[in-house]
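Working notes, beginning with the structure itself.
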Amino acid sequence: MAEVTNNSGAKKLHEPLFHITRKSAVPFWKASLIRAIAIFAALVACGIVSLILIGKNPFYIYKTMFDGAFSTKRKFWIFIRNAALLLGYSLAIVPAFKMKFWNLGADGQVLMGGLATVACMLFLGGKMPDAAVIAIMLVASIAASVIWAVLPAIFKAFFKTNESLFTLMMNYIAMGLVTYFINRVVKGGSGVLNPIGYANLPDIGGAQFAGRKFLLTIIIFAVITAFMFIYLKYTKHGYEISVVGESENTARYIGIGVKKVIIRTLILSGVICGIIGFVLVGGIDHTIRSDISAGRGFTAILIAWIAKFNPIFMVLMSLFVAFLEVGSGQVNTVFQLDNSAFSSIIVGIIYLFIIGCDFFINYRILLSAKARETLSKIGGIFKKKQTREEPEETVGEETVLEESDKTEDGKTESEITENDFETAAEKEDDRI
Amino acid sequence: MIALELKGITKRFGSIVANEGVDLQLKKGEILALLGENGSGKTTLMNMIAGIYFPDEGHIYVNGEEVVIRSPQDAFKQKIGMIHQHFKLVNVFDATQNIVLGNGKKKFNIKKSVSEVKEISEKYGFHIDPGKKIYDMSVSEKQTVEIIKVLYRGADILILDEPTAVLTPQETDKLFAVLKNMKEDGKSIIIITHKLNEVLEISDRVSVLRKGHYIGTVNTSETTESELTEMMVGKAIDLNIERIESEHVSDRLIVSNINCKNREGVKILENVTFTAKSGEILGIAGIAGSGQRELLESIAGLQKIDTGEITYIDPESGESVNLRDKTPTQIRELGVRLSFVPEDRLGMGLVGNMDIVDNMMLRSYENGKGIFLDRVNPSNLADSVISELEVVTPNSHTPVRRLSGGNVQKVLVGREISSSPKVLMVAYPVRGLDVNSSYLIYGLLNKQKENGTAVIFVGEDLDVLLALCDRIMVINSGKITGIVDARTVKKEDVGLLMTKTFDNDAKEVEDGGSNE
């Protein structure tokens, strides 16, 4: 930036080099394009980072990430199942979030469901037919999760307590209860409950079918997705949720019982969390640990937000996040990294770009006349050299302006165009 | 001598052009009125001078020198101060503390500041108690604090954004006297307004904006109301509001002795008693926040009342229906056709992020089959409202927050009158609307009156209330200070009723005494 100022000579007025103005609504294809370019830019940035940190060819790293999800049938099914689980958590929080009820307690709600499930398996397994135990497990799991979800809702509805803190704290109580439970039932103090052989959820398909252990989970969450999409968009309940979320005053004005809607919606969240706990314990782990959710309740928030609370977009986003998780796991294994720091950095960079690109969808950057003039001059020089190094203006996170054809003509609005993302990536690279 | 000059100022918000190539000149020691309809870009333009926004294009000159104003601090350095429409004061501080707050000095000497504040007050003729807390102040006092704050920081150029919108006629007169004193003292003043009579009364020159463009400047002494309107609207307009004769007048809604308190336990409504009649427009006048909102909300079932009765008289059967302690849903189920256009359109009457169809559904979404919504009827209703009220929108699936103020109001009013109400309550229905939309709304209210609806109209512009309504009820600190015939009453008398708190308190004390 200093360079530009110097080139334009001493200025009496100190006009700002740029300022930011809001864009009007961007058409869907353009927003999608910006997002796609952001992902591409993120990959470029990740490539440079990995080159510097572990000295490997970035394309090899990307290939390894793909291998993590697609190299074997089993890996593929695990990838899809993980996506389905993530999607499940997002679906559980989305009705509440749409209502602006910030439920940070999905982890705890699932954990309570899992605890109820494992208790049923442990105490009823073998004493009655598996089918009966499984039915009881489902009911118990849903009941436990609903209690955990509806408590903060009741307090919010009647006493206006802060639901974020409340649900967050309930997570720790749930973890404590699970640890207590394990210590009570496991003799010898190892603190680990071995997998229980009774009342496991059935496989689907023959022994030859690679997805037999995973398909049930996937089907369950596919059904919930379809349900949630219809529920939010086409039912009276969904409409009430939207109205309460957008404006409680409007809800009051037309006579929607706000308390009723809050409690009802959190019961629904609890039901879905109960199903997740049931699937996680009954179908996947067959045991319980206090970290059984592995923080998915928080990742789900990211998924739901980026997908703008639309269940269909949430499917895509869950696939993407699950891909990053299995991919970075594969990177750790293949490159024999001691810890997951590197893969966390990669995933972090990708998130940064995806979230940061909203800035370019909603705002544009206007340069002052002086800066534009200087930029086009510098642009001219660079054009002669035939290089792709660009002069830059930095705004906030990683905003960069590129010399474009428009700037060449000198009649530009200096609007940030999609092209600028490439330079944004390069800028990121330079900094690192 | 030119105090402030703007050349070619342009400001865009996305695809909306708020100002385009605006030129403006403010002479030293004059009062310039900036006139334009709502949405014509007056406030945006002034915000750029005050450092709130930065112009996309154009230049600003102060005393002939070009300046760049990037922040309110920059504006103060150029001795420019703006009094915003919505006050920016710290409620728990007193007047002096608010005035010295944030002036950049490291040490405060409150005693000295108090005497400085007093000095400024005396110089220009303000009446202010420097030690009075903001939360104890009336709107007019708060405005005074804002003006002194700007003067205290040494502003020579003052910008007032719609200062009279919240004032009674008497307070407006006082303000204008102060402005004239400041002008004598050599201050240059820009006053934003859309009230023509005030423009003619106070200003030296008038600059007009229309749809973000600069139309022209005229000397106040050489112009007329109709010329200014034409500049402002772009065509000649008949400014007379029609008042049709009432027919079939009968009692429709009887409110007797209602009292209510807000959450803090402060009395909001006190012994309010009145009757709204069919085929009549009942105006409610009062300073903003005198209990108008609570009154309408308690009728609509949104505000709990402590004592009193609200009775609706069914026009067909003649039966009385008790509306007290009923929720909006229960009122609907009782078959009472009560419609309510609240003051807060996007925050209460509509949902900004929902499209027009979904907003049409707000009152009727429960009519769908089973658990599902029916969007067919609301969609038809949306289309008919759009075509009948000439709502400017790309289609019925546009979120209402993207519509302009006038069109938002048309959607809301359109929905509320679509159920052919028997009682229609409207709160500030033309606030923020351009002249054409305002007259369209007045026409709709007259139409409802003709259909035999009891219309309750809460307004702020006394001229409009006097021209449109049949009776005017004046509310003052939650008490009714009078119900007058709009055809015969004088504007000044209504103004007096709006402010006669003291008399009322005195009367109350007497009553209290006699009861014992």
Side-chain angles (χ1 to χ4, degrees), chain A residues 11-27 98 100 160 227 230-261 264 308-309 361-370 372 413-415, chain B residues 11-16 18 53-57 59-60 65-71 74 297 300-303 326-333 340 342 344-354 358-359 361-375 394 398-399 401-402:
Chain A
K11 276 195 291 185
K12 208 169 52 179
L13 280 173
H14 298 294
E15 197 181 344
L17 282 172
F18 55 83
H19 64 279
I20 296 161
T21 58
R22 227 188 141 77
K23 267 186 200 174
S24 49
V26 172
K98 228 179 158 181
K100 301 222 164 78
K160 305 244 175 241
F227 164 79
I230 294 167
Y231 182 79
L232 288 178
K233 195 155 182 198
Y234 296 107
T235 69
K236 293 172 186 173
H237 285 188
Y239 183 74
E240 288 175 350
I241 288 174
S242 306
V243 174
V244 171
E246 292 289 344
S247 161
E248 245 179 66
N249 255 339
T250 309
R252 241 165 30 92
Y253 163 75
I254 57 169
I256 293 177
V258 175
K259 292 184 177 98
K260 189 181 85 185
V261 173
R264 186 183 67 204
K308 307 250 150 58
F309 305 146
I361 292 171
N362 293 321
Y363 295 92
R364 63 180 186 178
I365 292 157
L366 290 178
L367 292 182
S368 67
K370 281 263 167 63
R372 262 180 277 161
E413 270 266 37
S414 305
E415 185 177 344
Chain B
K11 181 77 192 171
R12 298 184 192 87
F13 297 102
S15 62
I16 298 156
Y53 297 138
F54 189 80
D56 292 345
E57 286 163 29
H59 305 274
I60 301 173
E65 265 184 57
E66 184 169 3
V67 294
V68 171
I69 300 171
R70 275 176 294 195
S71 65
D74 285 0
E297 288 190 358
L302 303 173
Q303 168 83 45
K326 298 280 189 302
T327 66
T329 322
Q330 287 170 329
I331 292 175
R332 213 152 49 215
E333 280 163 359
F340 177 26
D344 186 358
R345 292 163 206 160
L346 287 176
M348 188 172 213
L350 300 166
V351 179
N353 281 328
M354 284 186 176
D358 278 17
N359 270 297
M361 207 156 59
L362 274 171
R363 287 266 190 213
S364 57
Y365 76 97
E366 279 169 329
N367 296 346
K369 273 189 198 137
I371 60 161
F372 291 105
L373 294 166
D374 162 35
R375 280 198 171 85
T398 307
R401 83 186 136 78
R402 294 238 189 98

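Within every chain, numbering begins at 1; the chains are lettered A, B, ... in the order of the sequence lines, protein sequences first and strands thereafter. Computed from a predicted structure; not experimentally measured.
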Task: Heavy-atom side-chain contact between A/I256 and B/Y365 under 4.5 Å - done: yes
TODO: Please tell me if the side chains of A/Y234 and B/I371 come closer than 4.5 Å, counting only heavy atoms from C-beta onward.
DONE: no
Task: Smallest separation among heavy atoms of B/M348 and A/S247, with atom names - done: N-OG, 4.5 Å
- [ ] Measure the spacing between NZ of A/K236 and CG of B/D374 and express it to the nearest 0.5 Å.
- [x] 9.0 Å
Task: chain A contact via B/P399 - side chain, backbone, both or neither, heavy atoms under 4.5 Å - done: neither
Open item on the list: Test your reading of the model: is there a side-chain donor-acceptor pair from A/Y239 to the backbone of B/D358, 3.5 Å cut-off?
Closed with: yes
Open item on the list: Please identify, among B/G301, B/G352, B/P342, B/A300, the residue contributing the most non-hydrogen atom pairs under 4.5 Å to chain A.
Closed with: B/P342
TODO: Quick one: closest heavy-atom pair of B/V351 and A/E246, and the distance?
DONE: CG1-CB, 3.2 Å
Task: Contacting moiety of B/L350, where chain A heavy atoms sit under 4.5 Å - done: backbone
Open item on the list: Counting only non-hydrogen atoms closer than 4.5 Å, does A/E248 touch chain B with its backbone (N, CA, C, O), its side chain (CB onward), both, or neither?
Closed with: neither
- [ ] Heavy-atom pairs under 4.5 Å with chain B are the metric here; pick the option from A/I230, A/T250, A/N249 that has the most.
- [x] A/T250
Task: chain A contact via B/F340 - which portion, at a heavy-atom distance below 4.5 Å - done: both
Open item on the list: Counting only non-hydrogen atoms closer than 4.5 Å, does B/E297 touch chain A with its backbone (N, CA, C, O), its side chain (CB onward), both, or neither?
Closed with: side chain
Open item on the list: Checking the side chain of B/R332 only, and the main-chain atoms of A/I254 only, is there a donor and an acceptor separated by less than 3.5 Å?
Closed with: yes
Task: Atom of A/K233, atom of B/R375 and distance for their closest heavy-atom approach - done: O-NH1, 3.1 Å
Task: Engaged part of B/M361 at the chain A interface, taking heavy atoms whose separation is under 4.5 Å - done: both
